[in-house]
Engineer: 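First, the structure itself, so that you have it in front of you.
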2 protein chains.
Amino acid sequence: MKTKLSESQEDYLKHIFLLSEKSDENVSANALAERLKVKPASVTNMLKKLSELSLIEYVPYKGASLTSSGELIALEVLRHHRLLELYLSEMMGYSWDEVHEEAEKLEHVISERFEAKMAEQLGHPTHDPHGDPIPDQNLKLPSGPAIYPITSLKAGVTGAITRVLTQDKDTLNMLTRLSLVMNAELEIIAQERNGVRIRVGDERFLIPLELASNICISKNEFEKTK
Amino acid sequence: MKTKLSESQEDYLKHIFLLSEKSDENVSANALAERLKVKPASVTNMLKKLSELSLIEYVPYKGASLTSSGELIALEVLRHHRLLELYLSEMMGYSWDEVHEEAEKLEHVISERFEAKMAEQLGHPTHDPHGDPIPDQNLKLPSGPAIYPITSLKAGVTGAITRVLTQDKDTLNMLTRLSLVMNAELEIIAQERNGVRIRVGDERFLIPLELASNICISKNEFEKTK
DNA sequence: AACTATTTTTAGCCTTGCCTAAATAATTTT
DNA sequence: AAAATTATTTAGGCAAGGCTAAAAATAGTT
């Protein structure tokens, strides 16, 4: 149980974690296969191995969920990944659409020392460049202020972008061109059947639903009346 | 021929390069096996594959040497490795006995972009923390000032440490404790049968031959007589 | 030149992590 | 509830890159 896992195994655990976050249900072989760009049969194989190692609970035909030790490993990998994204972005001049790929490779390779150095130099940050939360040294996820996908907010609400739930390079690049970057102020103009109409500075956009559901803001407080 | 090599293949090429540097002869399966902590039979296998790929010239029982395309790959890996060592040391507060291990893993994983960013931030350096030369963007090794292992110098010669040919953590740590670090000024007191007697500051040491042959200095010029 | 010792190679096996094709279970439709 | 569709698992294979044991080549000694 002390043996170091393969990169592949770490990836499986990471994506089981990420998929569980969304759905609360057991993670299906199919969903994993799609994520990992691998055939479902290969997933079944790996799930059996991870189950042997007590890193997941796996009931054939019923999907998998992490055990607590599996979850710790997933969080460790996630911490690596998100610290790396921020490090690349803050310290090495990467743009937010470039960080994901590089982090994806490095996350399995860096030492605890490297992780600690990054965290230190970054001032023990709580969120990466996409607003994703970074587990702390004890692998606890930070409890940030409430954030909302812009699809869930009423017209008139304003707030700053705090999270963008995609790692797709081209999408991120597109958002950059629209000034829809981290911390950008934004107003919800209207929810419509084909998207969310918003204002950013002087510009107005109609963001298609699929994209809009990935953009999250923290609502501004009502102005304090003095 | 465009296909990316495995980490293992890259390592073979790197170590063939490093071994050729020393001896000028073909690299033997045995020497490689020892370096790579692998059995000679495994080496033979890999040499056949690398030969297939025209990355080495391999004559059974006669050892291997790099082709020019194999050498380019070795130099690329070496550039990654040495830039990483310097980056870890300069930008992340690693000590020189810690950098090797980490660089060993990262060298196969970082992108060209990462390489370029490091080089840029470090001001396109020519030597790593052990004084090893860093191939430039075009993979040319820098031609530095002449350096000499302290075993090869006469009594009375002084100079600054410019290269230390070991990556052994404990040896490096020991050298640090003795203030035998990069750029330290040093005087050769005498060559003796059991080692080289030297002075560093006020301290005098007798460095065993095996270690001494790994420590290189650039000789000080004679004081200009005005 | 012959014999011994050392290196190197061959042959066959193992594990990891992927694949395809076929079989089986679960789910949805009619 | 039976049939059809979809999801999952089983079975058998493949490539990488190690391993061991045995055979063959080279080198060193007498």
Engineer: Taking CG from B/N26 and P from C/dT7, how many angstroms apart are they, rounded to a whole number?
Structural biologist: 17 Å

Engineer: Between A/Y12 and C/dC18, is there a contact of a side-chain N or O with OP1 or OP2 at under 4.0 Å?
Structural biologist: yes

Engineer: A/L53 CG to C/dT15 C1': how many Å, rounded?
Structural biologist: 14 Å

Engineer: Does a side-chain N or O from A/S6 land closer than 4.0 Å to OP1 or OP2 of C/dG17, or not?
Structural biologist: yes

Engineer: Between A/M46 and A/K62, which residue's closest nucleotide on DNA chain C lies nearer the 5′ terminus?
Structural biologist: A/M46

Engineer: Heavy-atom count around A/E112 CD within 6.0 Å, excluding the residue itself: above 12?
Structural biologist: yes

Engineer: Between A/A41 and A/Y61, which has a closest nucleotide on DNA chain C that is more 5'?
Structural biologist: A/A41

Engineer: From CG of A/L50 over to P of C/dC18, roughly how many Å is that when rounded to an integer?
Structural biologist: 11 Å

Engineer: From the list C/dT9, C/dC18, C/dG17, which nucleotide is the closest neighbour of the side chain of A/S42?
Structural biologist: C/dC18

Engineer: Contact class for B/S8 vs. all strands (heavy atom < 4.0 Å): base, sugar-phosphate, or nothing?
Structural biologist: sugar-phosphate

Engineer: Check the phosphate of C/dT9 against B/N45, side-chain N and O only, distance under 4.0 Å to OP1 or OP2. Yes or no?
Structural biologist: no

Engineer: CD of B/E7 versus P of C/dG17: gap in Å, rounded?
Structural biologist: 14 Å

Engineer: Check this for me: A/E57, atom CD, are more than 12 non-hydrogen atoms of other residues, nucleotides or ligands nearer than 6.0 Å?
Structural biologist: no

Engineer: Walk along DNA chain D from 5' to 3' and tell me the first and last nucleotide with an atom closer than 4.0 Å to a non-hydrogen atom of chain A.
Structural biologist: D/dA7 to D/dT10

Engineer: Touch check for B/K48, heavy atoms < 4.0 angstrom, all strands: base, sugar-phosphate only, or nothing?
Structural biologist: sugar-phosphate

Engineer: Establish, yes or no, whether the cationic atom of B/R197 lies under 6.0 Å from the six-membered ring centre of B/F205 and within 45° of the ring axis.
Structural biologist: no

Engineer: Taking atom P of C/dC19 as reference, at what distance in whole Å does atom NZ of A/K37 sit?
Structural biologist: 12 Å

Engineer: So for atom CD, which belongs to B/Q137, do other residues, nucleotides or ligands contribute more than 12 heavy atoms lying within a distance under 6.0 Å?
Structural biologist: yes

Engineer: Between the side chains of A/S28 and A/N30, does any donor sit under 3.5 Å from an acceptor?
Structural biologist: no

Engineer: Are A/R113 and B/E98 ion-paired here, with the side-chain N under 4.0 Å from a carboxylate O?
Structural biologist: yes

Engineer: Specify the separation, in whole Å, of atom NE2 of A/H108 and atom P of C/dG17.
Structural biologist: 12 Å

Engineer: Identify whether any heavy atom of B/P60 sits under 4.0 Å from a base atom; if not, whether one sits that close to sugar-phosphate; answer base, sugar-phosphate or nothing.
Structural biologist: sugar-phosphate

Engineer: Do the rings of A/F114 and B/Y94 sit parallel, tilted or perpendicular, given the 30° and 60° boundaries?
Structural biologist: tilted

